Engineer: 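Let me begin by handing over the structure; questions about it come next.
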Amino acid sequence: AQRVTQPEKLLSVFKGAPVELKCNYSYSGSPELFWYVQYSRQRLQLLLRHISRESIKGFTADLNKGETSFHLKKPFAQEEDSAMYYCALSGGGTYKYIFGTGTRLKVLA
Amino acid sequence: DTAVSQTPKYLVTQMGNDKSIKCEQNLGHDTMYWYKQDSKKFLKIMFSYNNKELIINETVPNRFSPKSPDKAHLNLHINSLELGDSAVYFCASSQALYTGELFFGEGSRLTVL
């Protein structure tokens, strides 16, 4: 069965410190992985997707098929990064688009 | 131009009432969804609507019924509201079913008293 696991409900870091938000998945085929972000009182929006291999707002995420992980990283956290982050998986076609339970990132001054 | 819009943003109602939330997308997408975000911020898919085919998540009570008058609209009707229905409901759309980027609405916060 498809599953997305985000083990941390809350992650607090100081400004300038590195950040890693963990995401593990289970899926039998070749999934498409995403990170979505929800800033306070705003809609969810796509942050990045594994197939584009981009760095958005300093964040990167690498798909590790061996470890079935798609961790989100940023070398130097900023206060404006404080938000709710969701890892998501899509199998395409008949498979559902599912989200992890989310990790709240708090960047402290 | 707002890509995905939902109304109302806030809805406060009594148990047992029936209410609807409307959603419209102007992206020309073929697929629309309803997600429920509960108090713990868990985001769960409720429905997918793709080319007039409704795909229901098996855990959704039949008090919830989506209605799609056309490809650009997917409304959510809820009968006999219960306390546990209190949540934020998000509408979303994508170009194709379960593929690519989801575009979300701002959410509709439903409070059942």
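Keep in mind that this is a model prediction, so the values were computed, not measured.
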Engineer: When you measure from the side chain of A:Tyr97 to the backbone of B:Gly100, do you find a donor-acceptor pair of N or O atoms at a distance under 3.5 Å?
Structural biologist: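 Here the side-chain-to-backbone pair exists.
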
Engineer: As an exercise, state the distance from NZ of B:Lys41 to OG1 of A:Thr103, rounded to the nearest 0.5 Å.
Structural biologist: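 The distance works out to 13.5 Å.
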
Engineer: Under 4.5 Å from any heavy atom of chain A, what part of B:Leu102 do you find: side chain, backbone, both or neither?
Structural biologist: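 Both parts, backbone and side chain.
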
Engineer: More than 12 non-hydrogen atoms from neighbouring residues, nucleotides or ligands closer than 6.0 Å to CD on A:Glu79, yes or no?
Structural biologist: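 Correct, the count exceeds 12.
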
Engineer: Taking a hydrophobic cluster as the set of Ile, Leu, Val, Met, Phe, Trp and Tyr residues connected by side-chain heavy atoms closer than 4.5 Å, whether directly or through intermediates, do A:Leu105 and A:Phe76 fall within one such cluster?
Structural biologist: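 No, A:Leu105 does not connect to A:Phe76 through the hydrophobic network.
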
Engineer: Quick check: is A:Leu44 connected to B:Phe103 through a chain of hydrophobic side chains (ILVMFWY, heavy atoms under 4.5 Å apart)?
Structural biologist: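 In one cluster: no.
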
Engineer: Using non-hydrogen atoms only, which part of B:Ile45 is less than 4.5 Å away from chain A: side chain, backbone, both, or neither?
Structural biologist: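 The side chain, not the backbone.
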
Engineer: Using non-hydrogen atoms and a limit below 4.5 Å, what part of residues 5-14 of chain A faces chain B?
Structural biologist: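 From residues 5-14 of chain A, none sit under 4.5 Å of chain B.
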
Engineer: Does atom CG (B:Asp70) have a neighbourhood of more than 12 heavy atoms from anything else shown, all under 6.0 Å?
Structural biologist: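 Result for CG/B:Asp70: enclosed.
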
Engineer: Heavy-atom pairs under 4.5 Å with chain B are the metric here; pick the option from A:Gln38, A:Arg104, A:Arg41, A:Met84 that has the most.
Structural biologist: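 Option with the top pair count is A:Gln38.
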
Engineer: Checking B:Tyr35 against chain A: side chain, backbone, both or neither under 4.5 Å from a heavy atom?
Structural biologist: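 Only the side chain of B:Tyr35 comes within 4.5 Å of chain A.
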
Engineer: Check the hydrophobic clustering (I, L, V, M, F, W, Y; side-chain heavy atoms under 4.5 Å; chains of links allowed) and say if B:Leu76 and B:Leu54 are grouped together.
Structural biologist: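 Per the 4.5 Å side-chain linkage, B:Leu76 and B:Leu54 are co-clustered.
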
Engineer: If two hydrophobic side chains count as joined below 4.5 Å and joins carry through other members, does A:Ile56 share a cluster with A:Val107?
Structural biologist: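 Both belong to a single hydrophobic cluster.
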
Engineer: Quick check on A:Arg3: does its CZ atom have over 12 non-hydrogen neighbours (other residues, nucleotides or ligands) under 6.0 Å away?
Structural biologist: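 Counting other residues, nucleotides and ligands, CZ of A:Arg3 stays at 12 neighbours or fewer.
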
Engineer: Kindly compute the distance separating CD1 (A:Ile98) from CG (B:Leu43), expressed to the nearest 0.5 Å.
Structural biologist: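 With rounding to 0.5 Å, CD1 (A:Ile98) is 11.0 Å from CG (B:Leu43).
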
Engineer: For B:Val4 and A:Arg43, work out which heavy atoms get closest and say how close.
Structural biologist: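 Smallest heavy-atom distance, with atoms named: O-NH1, 3.0 Å.
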
Engineer: Compare every heavy atom of A:Tyr86 with every heavy atom of B:Gln37, then report the nearest pair and how far apart it is.
Structural biologist: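 Looks like NE2-OH, 2.7 Å.
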
Engineer: Hey, mind stepping through A:Gln42 and B:Phe104 against side-chain contact (heavy atoms from CB on, under 4.5 Å) and telling me if it holds?
Structural biologist: CA-CA 10 Å; A:Gln42 293 188 27; B:Phe104 283 88; over 6 Å; no

Engineer: Does atom OH of A:Tyr39 have more than 12 heavy-atom neighbours from other groups under 6.0 Å away?
Structural biologist: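 Enclosed: over 12 neighbouring heavy atoms sit under 6.0 Å from OH of A:Tyr39.
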
Engineer: Supply the atom-to-atom distance B:Glu101 CD to A:Leu48 CG, rounded to the nearest 0.5 angstrom.
Structural biologist: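 Interatomic distance, B:Glu101 CD to A:Leu48 CG, rounded to 0.5 Å: 11.0 Å.
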
